[in-house]
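We count residues from 1, following the sequence as given. Quantities reported herein were computed from a predicted structural model and do not represent experimental measurements.
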Amino acid sequence: MQALVLSDVGHFDLVTLDDPVPGPGEVRIAVTESGICGSELGGFLGTDGLRKPGLVFGHEFVGVVDAYGPDVPMEQHLPLGASVTANPLRSCGVCPICVAGHENVCPQRKLLGGHIHGSNAGLIVVPAKAVHRVDHLPDPSSSVFAEPTACALRAVGRTRISAGGSALVIGAGPIGLLLLEVLRFRGVEQLFFTERVEGRVAAAEASGATRLSDDPEALVRQIKELTRGLGADAVFDAVGSADTRTSATLAARPGGDVCFVGLHSADGMLPLRDLIRREVACTTSFAYRPDEFGQAVELLGRGELVFRGEVVRAGLADGQHWYEQLIKGHPAGKVVLQPSNPGT
Ligand SMILES: [Zn+2]
Ligand SMILES: [Zn+2]
(Lines give C-alpha, C1' and ligand atoms only; values in the text may rest on other atoms or scores of the structure.)
(Ligands and ions follow the chains in the order given, each with its own letter.)
Protein backbone atom coordinates (compact mmCIF):
# COMPACT_ATOMS: atom_id res chain seq x y z
CA MET A 1 0.00 0.00 0.00
CA GLN A 2 0.97 3.64 -0.42
CA ALA A 3 1.58 5.54 2.81
CA LEU A 4 2.74 9.01 3.78
CA VAL A 5 5.57 8.40 6.25
CA LEU A 6 7.31 11.06 8.37
CA SER A 7 10.85 10.38 7.16
CA ASP A 8 12.37 13.21 9.19
CA VAL A 9 11.21 16.24 11.15
CA GLY A 10 9.22 18.42 8.72
CA HIS A 11 9.37 15.91 5.89
CA PHE A 12 6.98 13.27 4.60
CA ASP A 13 7.77 10.67 1.94
CA LEU A 14 5.15 8.79 -0.03
CA VAL A 15 6.39 5.19 0.17
CA THR A 16 5.14 1.68 -0.52
CA LEU A 17 4.71 -0.39 2.65
CA ASP A 18 3.61 -4.03 3.03
CA ASP A 19 -0.17 -4.31 3.32
CA PRO A 20 -1.02 -4.63 7.04
CA VAL A 21 -2.50 -8.01 8.02
CA PRO A 22 -5.47 -7.91 10.43
CA GLY A 23 -4.85 -9.93 13.60
CA PRO A 24 -7.41 -11.63 15.86
CA GLY A 25 -10.49 -9.45 16.38
CA GLU A 26 -9.28 -6.89 13.84
CA VAL A 27 -10.65 -5.39 10.63
CA ARG A 28 -8.73 -3.93 7.71
CA ILE A 29 -10.21 -0.78 6.21
CA ALA A 30 -9.38 0.63 2.77
CA VAL A 31 -9.08 4.35 3.58
CA THR A 32 -10.95 6.69 1.24
CA GLU A 33 -10.46 9.94 3.19
CA SER A 34 -8.09 10.96 6.00
CA GLY A 35 -8.33 14.41 7.58
CA ILE A 36 -5.30 16.39 8.74
CA CYS A 37 -5.69 17.30 12.43
CA GLY A 38 -4.29 20.47 14.01
CA SER A 39 -2.79 18.28 16.73
CA GLU A 40 -0.54 16.66 14.10
CA LEU A 41 1.15 19.87 13.02
CA GLY A 42 3.37 19.87 16.11
CA GLY A 43 4.24 16.24 15.36
CA PHE A 44 5.26 17.21 11.83
CA LEU A 45 7.57 19.87 13.32
CA GLY A 46 8.90 17.44 15.94
CA THR A 47 7.57 19.46 18.88
CA ASP A 48 4.62 17.42 20.22
CA GLY A 49 6.66 14.88 22.20
CA LEU A 50 4.57 12.04 20.72
CA ARG A 51 5.00 11.51 16.97
CA LYS A 52 8.40 10.23 15.82
CA PRO A 53 10.01 9.77 12.37
CA GLY A 54 8.95 6.50 10.75
CA LEU A 55 5.30 7.04 11.66
CA VAL A 56 2.26 7.24 9.36
CA PHE A 57 0.03 10.08 10.67
CA GLY A 58 -3.78 10.28 10.45
CA HIS A 59 -6.59 9.48 12.90
CA GLU A 60 -9.68 11.07 11.29
CA PHE A 61 -10.83 8.78 8.50
CA VAL A 62 -13.53 7.02 6.56
CA GLY A 63 -13.18 3.99 4.34
CA VAL A 64 -14.65 0.62 3.42
CA VAL A 65 -14.26 -2.77 5.09
CA ASP A 66 -11.57 -4.63 3.18
CA ALA A 67 -10.67 -7.79 5.17
CA TYR A 68 -11.11 -9.50 8.56
CA GLY A 69 -8.65 -11.19 10.87
CA PRO A 70 -9.65 -14.36 12.77
CA ASP A 71 -12.03 -14.41 15.75
CA VAL A 72 -14.11 -11.33 14.91
CA PRO A 73 -17.48 -11.87 16.67
CA MET A 74 -20.42 -12.36 14.29
CA GLU A 75 -22.18 -9.18 15.49
CA GLN A 76 -19.10 -7.15 14.50
CA HIS A 77 -18.96 -8.67 11.00
CA LEU A 78 -20.08 -6.12 8.40
CA PRO A 79 -20.25 -6.90 4.68
CA LEU A 80 -17.00 -6.33 2.79
CA GLY A 81 -17.26 -2.91 1.15
CA ALA A 82 -19.47 -1.41 3.91
CA SER A 83 -18.66 2.27 4.56
CA VAL A 84 -17.19 2.79 8.01
CA THR A 85 -15.23 5.03 10.30
CA ALA A 86 -13.48 3.99 13.51
CA ASN A 87 -12.64 5.42 16.90
CA PRO A 88 -8.87 5.91 16.61
CA LEU A 89 -8.24 6.10 20.37
CA ARG A 90 -7.57 2.66 21.87
CA SER A 91 -7.90 2.45 25.63
CA CYS A 92 -7.29 -0.74 27.60
CA GLY A 93 -10.88 -0.97 28.86
CA VAL A 94 -9.93 -2.79 32.08
CA CYS A 95 -7.83 -0.39 34.21
CA PRO A 96 -9.51 1.56 37.06
CA ILE A 97 -9.49 4.73 34.92
CA CYS A 98 -11.32 3.02 32.04
CA VAL A 99 -13.73 1.25 34.40
CA ALA A 100 -14.56 4.65 35.95
CA GLY A 101 -15.61 5.88 32.49
CA HIS A 102 -12.49 7.92 31.77
CA GLU A 103 -11.29 5.85 28.79
CA ASN A 104 -10.10 9.05 27.08
CA VAL A 105 -7.24 9.37 29.59
CA CYS A 106 -6.42 5.67 30.06
CA PRO A 107 -2.69 5.53 30.90
CA GLN A 108 -2.29 2.70 28.35
CA ARG A 109 -4.18 4.47 25.56
CA LYS A 110 -2.80 4.44 22.04
CA LEU A 111 -3.79 6.81 19.25
CA LEU A 112 -3.71 5.76 15.61
CA GLY A 113 -1.28 8.04 13.81
CA GLY A 114 0.25 9.01 17.18
CA HIS A 115 1.60 5.88 18.86
CA ILE A 116 0.92 3.48 15.97
CA HIS A 117 0.52 3.83 12.17
CA GLY A 118 -2.47 5.93 11.16
CA SER A 119 -4.76 6.53 8.22
CA ASN A 120 -2.61 8.57 5.79
CA ALA A 121 -2.28 5.29 3.90
CA GLY A 122 -4.24 3.04 1.59
CA LEU A 123 -5.07 0.56 4.36
CA ILE A 124 -5.42 0.62 8.13
CA VAL A 125 -6.08 -2.12 10.68
CA VAL A 126 -8.32 -1.44 13.70
CA PRO A 127 -10.09 -3.53 16.36
CA ALA A 128 -13.53 -4.59 15.04
CA LYS A 129 -15.20 -3.17 18.16
CA ALA A 130 -13.92 0.34 17.29
CA VAL A 131 -15.67 0.35 13.90
CA HIS A 132 -18.84 2.36 13.22
CA ARG A 133 -20.88 1.58 10.13
CA VAL A 134 -21.99 4.79 8.39
CA ASP A 135 -23.74 3.79 5.16
CA HIS A 136 -27.21 3.89 6.80
CA LEU A 137 -26.75 7.61 7.50
CA PRO A 138 -28.02 10.30 5.09
CA ASP A 139 -24.49 11.79 4.91
CA PRO A 140 -21.94 9.00 5.49
CA SER A 141 -18.96 11.06 4.27
CA SER A 142 -19.48 13.52 7.16
CA SER A 143 -17.96 10.97 9.52
CA VAL A 144 -14.47 12.06 8.43
CA PHE A 145 -15.21 14.89 10.93
CA ALA A 146 -16.38 12.53 13.71
CA GLU A 147 -13.15 12.64 15.69
CA PRO A 148 -12.89 16.43 16.17
CA THR A 149 -16.67 16.55 16.66
CA ALA A 150 -16.36 14.01 19.47
CA CYS A 151 -13.75 16.29 21.09
CA ALA A 152 -16.22 19.20 20.90
CA LEU A 153 -19.12 17.15 22.29
CA ARG A 154 -17.02 16.13 25.26
CA ALA A 155 -15.74 19.67 25.94
CA VAL A 156 -19.27 21.12 25.98
CA GLY A 157 -20.40 18.27 28.23
CA ARG A 158 -17.61 19.09 30.69
CA THR A 159 -19.30 22.44 31.48
CA ARG A 160 -22.72 23.33 32.94
CA ILE A 161 -23.79 25.32 29.87
CA SER A 162 -27.47 24.81 29.05
CA ALA A 163 -30.07 25.95 26.53
CA GLY A 164 -30.66 29.69 26.59
CA GLY A 165 -27.23 30.50 28.03
CA SER A 166 -24.25 32.42 26.65
CA ALA A 167 -20.93 31.00 25.50
CA LEU A 168 -17.66 32.27 24.06
CA VAL A 169 -15.32 30.14 21.93
CA ILE A 170 -11.77 31.45 21.55
CA GLY A 171 -10.34 30.36 18.19
CA ALA A 172 -12.40 29.20 15.19
CA GLY A 173 -10.11 26.48 13.87
CA PRO A 174 -11.67 23.03 13.33
CA ILE A 175 -12.30 22.38 17.04
CA GLY A 176 -13.57 25.92 17.66
CA LEU A 177 -16.01 25.65 14.74
CA LEU A 178 -17.32 22.34 16.03
CA LEU A 179 -17.64 23.71 19.58
CA LEU A 180 -19.86 26.47 18.14
CA GLU A 181 -21.92 23.85 16.29
CA VAL A 182 -22.44 21.73 19.40
CA LEU A 183 -23.37 24.83 21.44
CA ARG A 184 -25.85 25.91 18.75
CA PHE A 185 -27.32 22.37 18.68
CA ARG A 186 -27.67 22.45 22.48
CA GLY A 187 -29.76 25.62 22.23
CA VAL A 188 -27.23 28.10 23.62
CA GLU A 189 -28.74 31.47 22.78
CA GLN A 190 -25.84 33.94 22.80
CA LEU A 191 -22.84 32.54 20.91
CA PHE A 192 -19.60 34.49 20.54
CA PHE A 193 -16.19 33.69 19.07
CA THR A 194 -12.80 35.22 18.38
CA GLU A 195 -10.59 34.38 15.40
CA ARG A 196 -7.52 36.06 13.90
CA VAL A 197 -7.63 34.40 10.47
CA GLU A 198 -10.18 36.31 8.34
CA GLY A 199 -10.80 33.29 6.10
CA ARG A 200 -12.32 31.35 9.02
CA VAL A 201 -14.78 33.98 10.22
CA ALA A 202 -17.66 33.23 7.82
CA ALA A 203 -17.76 29.55 8.84
CA ALA A 204 -18.09 30.50 12.52
CA GLU A 205 -20.79 33.06 11.73
CA ALA A 206 -22.72 30.35 9.87
CA SER A 207 -23.29 28.67 13.25
CA GLY A 208 -25.03 31.86 14.40
CA ALA A 209 -22.08 33.20 16.39
CA THR A 210 -20.97 36.83 16.69
CA ARG A 211 -17.30 37.71 16.29
CA LEU A 212 -15.62 39.64 19.10
CA SER A 213 -12.18 41.26 19.29
CA ASP A 214 -9.16 39.03 19.84
CA ASP A 215 -7.45 41.83 21.76
CA PRO A 216 -7.69 40.60 25.39
CA GLU A 217 -8.87 43.90 26.93
CA ALA A 218 -11.35 44.70 24.18
CA LEU A 219 -12.70 41.15 24.32
CA VAL A 220 -13.51 41.33 28.03
CA ARG A 221 -15.13 44.76 27.58
CA GLN A 222 -17.25 43.54 24.65
CA ILE A 223 -18.44 40.31 26.25
CA LYS A 224 -19.51 42.19 29.39
CA GLU A 225 -21.43 44.75 27.33
CA LEU A 226 -23.28 41.90 25.62
CA THR A 227 -24.08 39.96 28.81
CA ARG A 228 -25.46 42.65 31.17
CA GLY A 229 -22.02 43.35 32.58
CA LEU A 230 -21.43 39.76 33.71
CA GLY A 231 -19.41 37.74 31.20
CA ALA A 232 -20.27 34.47 29.43
CA ASP A 233 -21.81 31.47 31.21
CA ALA A 234 -19.13 29.27 29.65
CA VAL A 235 -15.89 30.04 27.82
CA PHE A 236 -13.97 27.50 25.71
CA ASP A 237 -10.32 28.12 24.85
CA ALA A 238 -9.66 26.22 21.64
CA VAL A 239 -6.21 27.80 21.18
CA GLY A 240 -4.20 27.29 24.36
CA SER A 241 -1.74 30.19 24.32
CA ALA A 242 -0.88 32.20 27.44
CA ASP A 243 -3.04 35.10 26.18
CA THR A 244 -6.10 33.06 25.24
CA ARG A 245 -6.06 31.12 28.52
CA THR A 246 -6.05 34.37 30.49
CA SER A 247 -8.73 35.91 28.26
CA ALA A 248 -10.89 32.82 28.77
CA THR A 249 -10.83 33.23 32.54
CA LEU A 250 -11.55 36.98 32.43
CA ALA A 251 -14.45 36.58 29.98
CA ALA A 252 -16.36 34.12 32.19
CA ARG A 253 -19.11 35.44 34.47
CA PRO A 254 -18.92 35.04 38.26
CA GLY A 255 -19.88 31.44 38.99
CA GLY A 256 -19.37 30.53 35.31
CA ASP A 257 -17.29 27.85 33.61
CA VAL A 258 -14.03 27.86 31.66
CA CYS A 259 -12.99 24.80 29.66
CA PHE A 260 -9.38 24.58 28.43
CA VAL A 261 -9.18 22.53 25.23
CA GLY A 262 -6.36 24.00 23.08
CA LEU A 263 -2.89 22.52 23.57
CA HIS A 264 -0.72 25.23 22.02
CA SER A 265 1.52 26.08 25.01
CA ALA A 266 2.75 23.53 27.54
CA ASP A 267 2.61 25.89 30.53
CA GLY A 268 0.90 29.09 31.52
CA MET A 269 -0.08 31.44 34.33
CA LEU A 270 -3.70 32.00 35.35
CA PRO A 271 -5.12 34.84 37.51
CA LEU A 272 -6.06 32.42 40.28
CA ARG A 273 -7.00 34.95 42.98
CA ASP A 274 -9.52 36.52 40.61
CA LEU A 275 -10.82 33.05 39.65
CA ILE A 276 -11.29 32.12 43.32
CA ARG A 277 -13.00 35.38 44.26
CA ARG A 278 -15.43 35.01 41.35
CA GLU A 279 -15.70 31.24 41.88
CA VAL A 280 -15.15 30.49 38.20
CA ALA A 281 -15.01 26.72 37.66
CA CYS A 282 -12.03 25.77 35.48
CA THR A 283 -11.99 22.42 33.74
CA THR A 284 -10.08 20.70 30.95
CA SER A 285 -11.23 18.40 28.19
CA PHE A 286 -9.17 15.86 26.30
CA ALA A 287 -10.30 13.70 23.39
CA TYR A 288 -13.54 11.70 23.95
CA ARG A 289 -15.02 8.51 25.33
CA PRO A 290 -16.18 5.73 22.96
CA ASP A 291 -19.85 6.72 23.44
CA GLU A 292 -19.07 10.35 22.56
CA PHE A 293 -17.39 9.18 19.34
CA GLY A 294 -20.52 7.20 18.45
CA GLN A 295 -22.74 10.23 19.16
CA ALA A 296 -20.56 12.38 16.90
CA VAL A 297 -20.93 9.90 14.01
CA GLU A 298 -24.73 9.87 14.37
CA LEU A 299 -25.24 13.64 14.82
CA LEU A 300 -23.03 14.49 11.82
CA GLY A 301 -24.50 11.75 9.64
CA ARG A 302 -28.05 12.96 10.32
CA GLY A 303 -27.07 16.58 9.64
CA GLU A 304 -27.82 17.75 13.21
CA LEU A 305 -24.22 18.97 13.44
CA VAL A 306 -22.51 20.37 10.36
CA PHE A 307 -18.83 21.03 9.80
CA ARG A 308 -19.03 24.51 8.26
CA GLY A 309 -15.34 25.16 7.59
CA GLU A 310 -13.79 25.18 4.12
CA VAL A 311 -12.81 21.61 3.18
CA VAL A 312 -9.88 21.02 0.81
CA ARG A 313 -9.44 17.55 -0.71
CA ALA A 314 -6.03 16.43 -1.99
CA GLY A 315 -4.03 13.34 -2.89
CA LEU A 316 -1.61 11.68 -0.46
CA ALA A 317 1.28 12.94 -2.59
CA ASP A 318 0.19 16.50 -1.72
CA GLY A 319 0.30 15.80 2.02
CA GLN A 320 3.67 17.50 2.53
CA HIS A 321 2.36 20.65 0.81
CA TRP A 322 -0.82 20.78 2.90
CA TYR A 323 0.84 20.18 6.27
CA GLU A 324 3.17 23.08 5.38
CA GLN A 325 0.25 25.29 4.30
CA LEU A 326 -1.66 24.64 7.53
CA ILE A 327 1.42 25.49 9.60
CA LYS A 328 1.64 28.79 7.69
CA GLY A 329 -1.96 29.56 8.72
CA HIS A 330 -3.94 28.57 5.61
CA PRO A 331 -7.60 29.30 6.43
CA ALA A 332 -8.90 25.86 5.34
CA GLY A 333 -11.14 24.42 8.05
CA LYS A 334 -10.03 20.90 7.17
CA VAL A 335 -7.70 19.34 4.63
CA VAL A 336 -8.73 15.80 3.72
CA LEU A 337 -6.20 13.49 2.04
CA GLN A 338 -7.52 10.84 -0.32
CA PRO A 339 -5.23 7.79 -0.53
CA SER A 340 -6.79 6.63 -3.81
CA ASN A 341 -6.24 10.06 -5.41
CA PRO A 342 -2.79 10.08 -7.06
CA GLY A 343 -2.26 13.81 -6.38
CA THR A 344 0.36 15.84 -8.21
ZN1 LIG B 1 -7.92 14.99 15.44
ZN1 LIG C 1 -7.44 1.78 30.67
Side-chain angles (χ1 to χ4, degrees), residues 34-43 48 50 57-61 87-89 104-105 111 113-114 142-159 161 167-186 188 191-197 199-207 209 211 214 232 234-241 243-245 247-248 257-265 283-289 292-293 295-297 299-300 305-312 323 326-327 329-336:
S34 177
I36 298 179
C37 179
S39 69
E40 294 176 326
L41 301 180
D48 75 347
L50 171 65
F57 286 22
H59 59 258
E60 305 175 1
F61 63 97
N87 179 350
L89 193 62
N104 56 318
V105 288
L111 178 68
S142 65
S143 46
V144 75
F145 308 118
E147 199 266 351
T149 302
C151 292
L153 278 168
R154 177 164 188 82
V156 171
R158 296 277 287 163
T159 69
I161 187 75
L168 166 68
V169 173
I170 298 180
I175 297 287
L177 288 177
L178 287 162
L179 283 165
L180 290 168
E181 264 301 281
V182 172
L183 291 161
R184 175 195 60 73
F185 174 67
R186 292 275 156 84
V188 173
L191 264 184
F192 306 104
F193 73 100
T194 69
E195 173 54 48
R196 288 187 174 166
V197 180
R200 292 177 165 170
V201 169
E205 288 174 342
S207 289
R211 186 187 191 185
D214 53 53
V235 183
F236 298 85
D237 174 26
V239 177
S241 69
D243 271 5
T244 61
R245 285 174 180 152
S247 293
D257 287 15
V258 175
C259 184
F260 298 107
V261 184
L263 290 162
H264 184 81
S265 300
T283 189
T284 61
S285 187
F286 178 76
Y288 38 82
R289 291 189 318 238
E292 290 158 338
F293 188 89
Q295 268 176 42
V297 171
L299 291 171
L300 284 166
L305 297 176
V306 177
F307 182 73
R308 299 180 193 273
E310 179 198 352
V311 180
V312 172
Y323 275 85
L326 290 171
I327 284 164
H330 191 283
K334 191 56 86 177
V335 176
V336 173

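No side-chain donor-acceptor contact under 3.5 Å links E181 to the backbone of F307. In terms of modelled atom types and a separation under 3.5 Å, the side chain of E195 and the main chain of A172 share a donor-acceptor contact. Judged by distance alone, with hydrogens and angles left aside, the side-chain atoms of N104 form a donor-acceptor pair with the main-chain N or O of F286 at under 3.5 Å. No donor-acceptor pair closer than 3.5 Å links the side chain of K334 to the backbone N or O of E310.
The shortest heavy-atom contact between V258 and A248 is CG2-O, 3.6 Å. Residues P331 and R200 approach most closely at O-CG, 3.5 Å, considering heavy atoms. Taking all atoms of both residues into account, the shortest heavy-atom contact from L305 to F185 is CD2-CB, 3.5 Å. Nearest approach of C151 to S285, heavy atoms of both residues: O-OG, 4.4 Å. Among all heavy-atom pairs drawn from I170 and S247, the shortest one is CD1-CB, 4.1 Å. Closest approach of S143 to V297, counting heavy atoms only: CB-CG1, 4.5 Å.
If you run side chain to side chain contact (heavy atoms under 4.5 Å, CB included) between E60 and each of P148, S34, P88, only P148 comes through. Residue L191 forms a side chain to side chain contact (heavy atoms under 4.5 Å, CB included) with just one option from L179, L180, L168, and that option is L180.
Considering only residues two or more places apart in sequence or on other chains, R186 meets the side-chain contact (heavy atoms from CB on, under 4.5 Å) condition with L153, V156, V182, Q295. Among residues two or more places apart in sequence or in another chain, the salt bridge (charged side-chain N to carboxylate O under 4.0 Å, His left out) test is passed with E292 by R154, R289.
From T284, atom OG1 reaches atom CG of D237 across 12.0 Å, with rounding to the nearest 0.5 Å. To the nearest 0.5 Å, atoms CG (L326) and CG (L41) are separated by 5.5 Å. If you take CG on L111 and OG on S39, they are separated by 7.0 Å, rounding to the nearest 0.5 Å.
Residues F236 and I175 are not in side-chain contact: their nearest non-hydrogen atoms beyond the backbone lie 4.5 Å or more apart. For the pair D48 and E40, the minimum side-chain heavy-atom distance is 4.5 Å or more. The closest side-chain heavy-atom distance from L183 to V169 is below 4.5 Å. Contact annotation: the side chain of V336 approaches that of V311 to within less than 4.5 Å [non-hydrogen atoms, C-beta and beyond]. The shortest side-chain heavy-atom distance between F61 and E147 does not fall under the 4.5 Å cut-off.
In this pair, F57 and Y323 present their aromatic rings perpendicular. The plane angle is above 60°, beyond the 30 to 60° band.
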